[in-house]
Amino acid sequence: VYTFEVAGGTCTSSGQSVAVTVYPTPEMNITNAASEICSGEAADITLITPTENGLIRVTAVDYASVTPDGPGVSVGQTFTNGGQIQETLTNATNTIQTVSYTFEVEGNGCGPIGGFTTTVDVKPIPTMNITDANDSFCEGGSTDITLNTPTQGAIIRVTGVDYSGGDVTGGSISVGQTFSDGQKIIETLFTNSNNLETVTYTFEVDAGGCGPVGGFSESVTVYPTPEM
C-alpha cells in the first residue's frame with residue numbers, strides 16, 4: 001500500500017492510498033505413496049499446492065502397456081490442493097511397466113509452472129509353465145522337467161514333493177528349493193515296490209513381491225523292474 005499527500009504553502013491535502021496486490025509464484029509438490037505396485041493394485045498420488053487459488057493441471061500421462069480402470073487420467077484434467085489419483089492399474093505383460101504423470105500449476109493468473117512428474121512401476125502377476133519330456137519311465141531312468149516363467153525377475157519355488165510316500169528313491173528335490181526360467185529337474189529314480197509309483201512335484205512362482213501364485217504341479221510315473 002502506498003499513501004500520498006500533497007502540500008502547498010500551509011495547505012495540505014488529505015492522504016490518498018493506492019494498493020497493489022502481488023501474487024506469489026505458484027508451487028506444487030507430489031506425494032506418491034505407492035511408486036511400485038503389483039498389477040491390479042491402485043496408484044496413491046496426492047497433489048499439493050500451498051498457493052492460494054492454486055490449480056494443478058495434467059500436461060501429460062503415459063500408461064505404457066498398462067490399462068487403468070475407468071477412463072483414466074487425461075491431459076487437461078485439473079486438481080485443487082489435496083486432489084488424489086487413485087486408480088487401479090493392470091499390467092497384462094510379463095515385464096515391469098512404468099506409468100508417468102506430468103503436471104503444471106498456476107494461480108491468480110501467475111504461471112503455469114510445469115515439469116512436475118511422478119511415476120508408478122506396475123509389476124506383472126507372475127506365471128509359469130512346465131514341460132515334461134519324460135513323464136513315465138522304468139526305474140533307473142531320469143526325469144526331464146523344464147520349468148519356465150516369462151515373467152521378468154520371477155523365481156519358481158518348490159512347495160511340495162512326494163516321492164510316492166517313500167517308495168521312490170534317488171530324488172533330492174526339497175521344499176523351498178528355487179529355480180529360475182529354463183532350469184530343469186533331472187534326477188534318476190528307483191522304486192522299492194513292484195507297483196507303478198507316481199512322483200509329484202508342486203511349485204509356486206513370485207516376482208518382485210508380487211505373488212506367490214501357486215498350484216502348479218507335475219507328476220512322473222516310475223515303473224518297477226519286472227521280476228519272475
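Treat the numbers as computed from the prediction; the structure is a model and nothing was measured. Worth knowing before you read on, the calculation uses all heavy atoms, side chains too, and leaves out hydrogens, waters and symmetry mates.
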Check the hydrophobic clustering (I, L, V, M, F, W, Y; side-chain heavy atoms under 4.5 Å; chains of links allowed) and say if L147 and I155 are grouped together. no
How far apart are the closest heavy atoms of A207 and P126, and which atoms are they? N-CG, 3.9 Å
As an exercise, state the distance from CG of D132 to CD of E218, rounded to the nearest 0.5 Å. 4.0 Å
Validation row: S136, V220 side chains within 4.5 angstrom (heavy atoms): no
For E52, look at atom CD and say whether over 12 heavy atoms of other residues, nucleotides or ligands are found less than 6.0 Å away. no
Provide the closest heavy-atom pair for K123 versus C210 in the form atom of the first, atom of the second, distance. CB-SG, 3.6 Å
Apply side-chain hydrogen bond (donor to acceptor under 3.5 Å, both in side chains) to residues T46 and Q84 and explain how you reach the verdict. CA-CA 4 Å; T46 303; Q84 291 187 308; 3.2 Å; yes
Do side-chain atoms of N91 reach the backbone of V122 as a donor and acceptor pair under 3.5 angstrom? yes
Do the non-hydrogen side-chain atoms of I45 and I30 ever get within less than 4.5 Å of each other? yes
Closest approach of C110 and P24, non-hydrogen atoms and distance? CB-O, 4.0 Å
I'd like to know if the side chain of S65 pairs up with that of T93 as donor and acceptor (distance under 3.5 Å, no hydrogens or angles considered). no
Closest heavy-atom contact between A34 and A42? CB-O, 4.1 Å
Checking side-chain contact (heavy atoms from CB on, under 4.5 Å) for the pair D144/K184: CA distance, chi angles, key distance, verdict? CA-CA 7 Å; D144 187 2; K184 287 176 172 283; 2.9 Å; yes
Mind checking whether F103 and M28 have side chains closer than 4.5 Å, heavy atoms only? yes
Is there a side-chain hydrogen bond (donor to acceptor under 3.5 Å, both in side chains) between T200 and S219? Walk through the geometry before answering. CA-CA 4 Å; T200 302; S219 297; 2.9 Å; yes
Taking atom types as modelled and ignoring hydrogens, do the side chains of D62 and S100 form a donor-acceptor contact shorter than 3.5 angstrom? no
Given T169 and T191, is the side-chain contact (heavy atoms from CB on, under 4.5 Å) satisfied, shown in steps? CA-CA 6 Å; T169 62; T191 176; over 6 Å; no
List the steps and the verdict of side-chain contact (heavy atoms from CB on, under 4.5 Å) for I145 and Y201. CA-CA 10 Å; I145 299 170; Y201 308 91; 3.7 Å; yes
Nearest 0.5 Å, please: how far is OG1 in T90 from CD in E41? 10.5 Å
For E197 and S164, what are the C-alpha separation, side-chain angles and deciding distance, and is it a side-chain hydrogen bond (donor to acceptor under 3.5 Å, both in side chains)? CA-CA 6 Å; E197 301 293 346; S164 198; 2.4 Å; yes
Side chains of R157 and D206 in contact at under 4.5 Å (non-hydrogen atoms): yes
T119 (side chain) donor-acceptor with V99 (main chain) under 3.5 angstrom: no
From E87 atom CD to D69 atom CG, the distance as rounded to the nearest 0.5 Å: 6.5 Å
L55-L47 co-clustered via ILVMFWY side chain contacts under 4.5 Å: no
R57 side chain reached by E106 side chain, heavy atoms, under 4.5 Å: yes
Do F79 and V105 sit in the same hydrophobic cluster, where Ile, Leu, Val, Met, Phe, Trp and Tyr count as joined when their side-chain heavy atoms come under 4.5 Å apart? yes
Would V205 and F216 count as a side-chain contact (heavy atoms from CB on, under 4.5 Å) if you check the C-alpha gap in whole Å, the side-chain angles of each, and the deciding distance to 0.1 Å? CA-CA 9 Å; V205 59; F216 301 93; 4.0 Å; yes
Return the CG to OG1 distance between D121 and T98, rounded to the nearest 0.5 Å. 4.0 Å
Within 6.0 Å of OH in Y2, more than 12 heavy atoms from elsewhere: no
Distance-only polar pair, side chains of T188 and S142, donor-acceptor under 3.5 Å: yes
Are F137 and F190 co-members of a hydrophobic cluster defined by side-chain heavy atoms under 4.5 Å apart? no
Under 4.5 Å between any side-chain heavy atoms of V158 and T202, yes or no? no
Euclidean distance, N194 CG relative to E227 CD, rounded to 0.5 Å: 5.0 Å
Side chain to side chain donor-acceptor pair (under 3.5 Å) pairs, two or more places apart, involving residues 18-40: N32-T118
Taking atom types as modelled and ignoring hydrogens, do the side chains of D181 and N148 form a donor-acceptor contact shorter than 3.5 angstrom? yes
Determine the minimum heavy-atom distance between A43 and L89, stating which atoms define it. CB-CD1, 4.3 Å
T146 side chain to G182 main-chain N or O, any donor-acceptor pair under 3.5 Å? no
Is the closest side-chain heavy-atom distance between F4 and S17 below 4.5 Å? no
Of all the heavy-atom pairs spanning L189 and V199, show the shortest one and how long it is. CD1-CG2, 4.1 Å
Nearest 0.5 Å, please: how far is OG in S172 from CD1 in I185? 9.0 Å
Any side-chain heavy atom of V120 sitting closer than 4.5 Å to one from I37? yes
Return yes if some donor-acceptor pair links the side-chain N/O of D162 with the main-chain N/O of G165 below 3.5 Å, else return no. yes
Shared hydrophobic cluster, Y163 / F203 (ILVMFWY, side-chain heavy atoms < 4.5 Å): yes
Go through it in stages, so that I can follow the logic: the residues are N53 and N108, the test is side-chain hydrogen bond (donor to acceptor under 3.5 Å, both in side chains), and I'd like the CA-CA distance, side-chain angles, deciding distance and then a yes or no. CA-CA 6 Å; N53 300 319; N108 308 299; 2.8 Å; yes
